[in-house]
2 protein chains.
Amino acid sequence: MHSSARKIAANAEDDADIGGIDGIVGFHIRLAHGAVYRHFTETFVDLELTQKQVSVLWLIDEHPDIAQADIGRRLQMDRATVMAIVNRLQKRGFVERGASTGDRRRQTLHLTSTGQAALAQARASVLEHEAWLKSRFTPREVALLIDLLKRIHE
Amino acid sequence: MHSSARKIAANAEDDADIGGIDGIVGFHIRLAHGAVYRHFTETFVDLELTQKQVSVLWLIDEHPDIAQADIGRRLQMDRATVMAIVNRLQKRGFVERGASTGDRRRQTLHLTSTGQAALAQARASVLEHEAWLKSRFTPREVALLIDLLKRIHE
DNA sequence: AAAAACTGTCTGTCTTGCATACAATTCGCG
DNA sequence: CGCGAATTGTATGCAAGACAGACAGTTTTT
């Protein structure tokens with residue numbers, strides 16, 4: 001009897017999120033992202049690559065001759081932001097810009113051999129980083145988490 | 001028989017993440033965080049507050065006379081970063097720094113009445129933002145997602 | 001009492017995100 | 001077909017945040 005009263009109170013609190021910041025989904029996404037970001041950075045200090053830079057390298061490798069605008073769409077980044085990242089990667093000799101056949105507004109992007117080598121190293125580090133991240137989940141939970149996250153960004 | 005062979009192949013691919021960026025948990029966390037960040041920013045254009053700033057206001061309100069170092073620990077931010085944020089909030093008259101009783105290294109932080117008002121508005125916007133975020137999940141899934149995310153950042 | 005740790009502060013650098021603007025190019029619709 | 005609209009890359013400037021390194025005052029540990 002009094003236990004059901006307690007339950008009701010608890011539910012009421014849940015509905016109102018207790019006013020506490022811990023009930024905010026966005027708050028936990030921020031913190032989780034921060035933790036992942038920090039560990040990623042640690043893993044990549046030697047390679048001197050950021051998350052975004054690796055993502056762009058990876059994407060160019062998966063889709064040779066992709067254009068900057070497409071990268072922006074896939075990674076949900078501004079065109080100007082993509083350009084800044086590509087500039088950095090180009091300055092380090094990882095990617096090259098080339099002419100596009102057909103549409104003269106676009107440019108093709110492809111990895112140099114240096115870029116290929118960097119990506120190969122990066123892939124290994126990403127797997128190490130992922131192992132750290134996945135170590136706290138079962139394979140089922142990993143799939144579940146990805147599914148939930150996809151619903152947010154897709 | 002041949003189906004088991006296929007299964008093995010499929011598992012092998014799973015283990016290697018198919019080489020695809022879509023199999024990377026961190027990748028989805030980044031994208032999800034980006035989407036949430038963007039929507040948050042849209043929701044708060046009028047209030048001109050960022051995620052971090054709201055989090056800090058919220059935290060100071062929840063824990064009056066908290067010190068900067070404690071904020072940093074709870075929100076996983078560098079001391080220098082916390083200071084930058086508190087400086088901005090102080091410049092806008094939302095928070096005040098005060099002396100700490102006992103430990104003279106620390107300072108206490110508390111909201112001004114202006115800060116209280118801003119936080120009240122912010123809370124409403126956060127709920128609106130959260131509703132957008134939660135709209136794609138059942139209550140069970142929300143709880144599940146929070147649980148999974150907590151394991152990453154706790 | 002000396003060493004180590006903590007706290008706030010300051011400075012500077014790097015990355016990212018976004019707004020704005022511009023020119024060249026391509027596309028869509030009348 | 002032709003002209004306005006949309007796309008693409010580029011450039012610039014600004015704000016926020018992360019972090020490293022340094023410093024001084026204070027507290028805790030040994």
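Chain identifiers are assigned alphabetically (A, B, ...) following the order of the sequence lines, protein sequences preceding nucleic acid strands; residue numbering begins at 1 within each chain.
The residue R73(A) sits close only to the backbone: its heavy atoms come under 4.0 Å of sugar-phosphate atoms, none of a base. Residue-level contact check: R79(B) touches the bases, meaning some heavy atom is under 4.0 Å from a base atom.
The side chain of Q68(A) places no N or O atom within less than 4.0 Å of a non-bridging phosphate oxygen (OP1 or OP2) of dT7(D).
One can place CE of M83(B) at 14 Å from P of dG17(D), the figure rounded to the nearest angstrom. Taking atom CZ of R38(A) as the reference point, atom C1' of dT16(C) lies 17 Å away to the nearest angstrom. Atom OH of Y37(A) is separated from atom C1' of dG17(D) by 9 Å (rounded to the nearest Å). Taking atom CD of residue Q107(A) and atom P of nucleotide dT26(C), one finds them 13 Å apart after rounding to whole Å. Atom-to-atom, CG of L75(B) to C1' of dA16(D) comes out at 15 Å; the value is rounded to the nearest Å. Protein atom CD1 of I71(B) is 12 Å distant from nucleotide atom C1' of dG8(C), rounded to whole Å. Protein atom CE of M77(B) is 12 Å distant from nucleotide atom C1' of dA16(D), rounded to whole Å. Between I66(B) atom CD1 and dT7(C) atom P the separation is 12 Å, expressed in whole Å.
Using a distance-only test at 3.5 Å, with no hydrogens or angles considered, a donor-acceptor pair links the side chain of E62(A) to the main chain of I21(B). The backbone N or O of G26(A) lies less than 3.5 Å from a partner atom in the side chain of E130(B), making a donor-acceptor pair. Judged by distance alone, with hydrogens and angles left aside, the side-chain atoms of T108(B) form no donor-acceptor pair with the main-chain N or O of I66(B) at under 3.5 Å. Listed for the S125(A) side chain is no donor-acceptor partner under 3.5 Å among the backbone atoms of F44(A). Although no hydrogens or angles enter the test, the distance criterion places no donor-acceptor pair under 3.5 Å between the side chain of Q68(B) and the main chain of R79(B).
Linking Ile, Leu, Val, Met, Phe, Trp and Tyr residues whenever their side-chain heavy atoms come within less than 4.5 Å places F137(B) and I29(B) in a single cluster.
Ring geometry for H129(A) against H39(A) counts as parallel: the plane angle stays under 30°, on a 0 to 90° scale with 60° as the upper cut.
Less than 4.0 Å separates DNA chain C from at least one heavy atom of each of the following residues of residues 84-103 of chain A: I85(A), R88(A), G102(A), D103(A). Contacts between residues 39-53 of chain A and DNA chain C, counted as heavy-atom distances below 4.0 Å, involve T50(A), K52(A), Q53(A).
Along DNA chain C, the nucleotide nearest to T108(B) and the one nearest to A80(A) differ in position, and the one closer to the 5' end is contacted by T108(B).
In summary, D70(A) and R106(A) engage in a salt bridge, as defined by a charged side-chain N under 4.0 Å from a carboxylate O. Here E48(A) does not pair with R92(A) in a salt bridge; the nearest charged N to carboxylate O distance is not below 4.0 Å.
Closest to the A69(A) side chain, of the nucleotides dC10(C), dT7(C), dT8(D), is dT8(D). Among dT10(D), dG8(C), dG25(D), the nucleotide with an atom closest to any side-chain atom of R105(B) is dG25(D).
The base of dT26(D) has none of its N or O atoms less than 3.5 Å from a complementary donor or acceptor on the side chain of R104(B).
For the pair F27(A)/L75(B), a side-chain contact is recorded, criterion being any heavy-atom separation below 4.5 Å from C-beta on.
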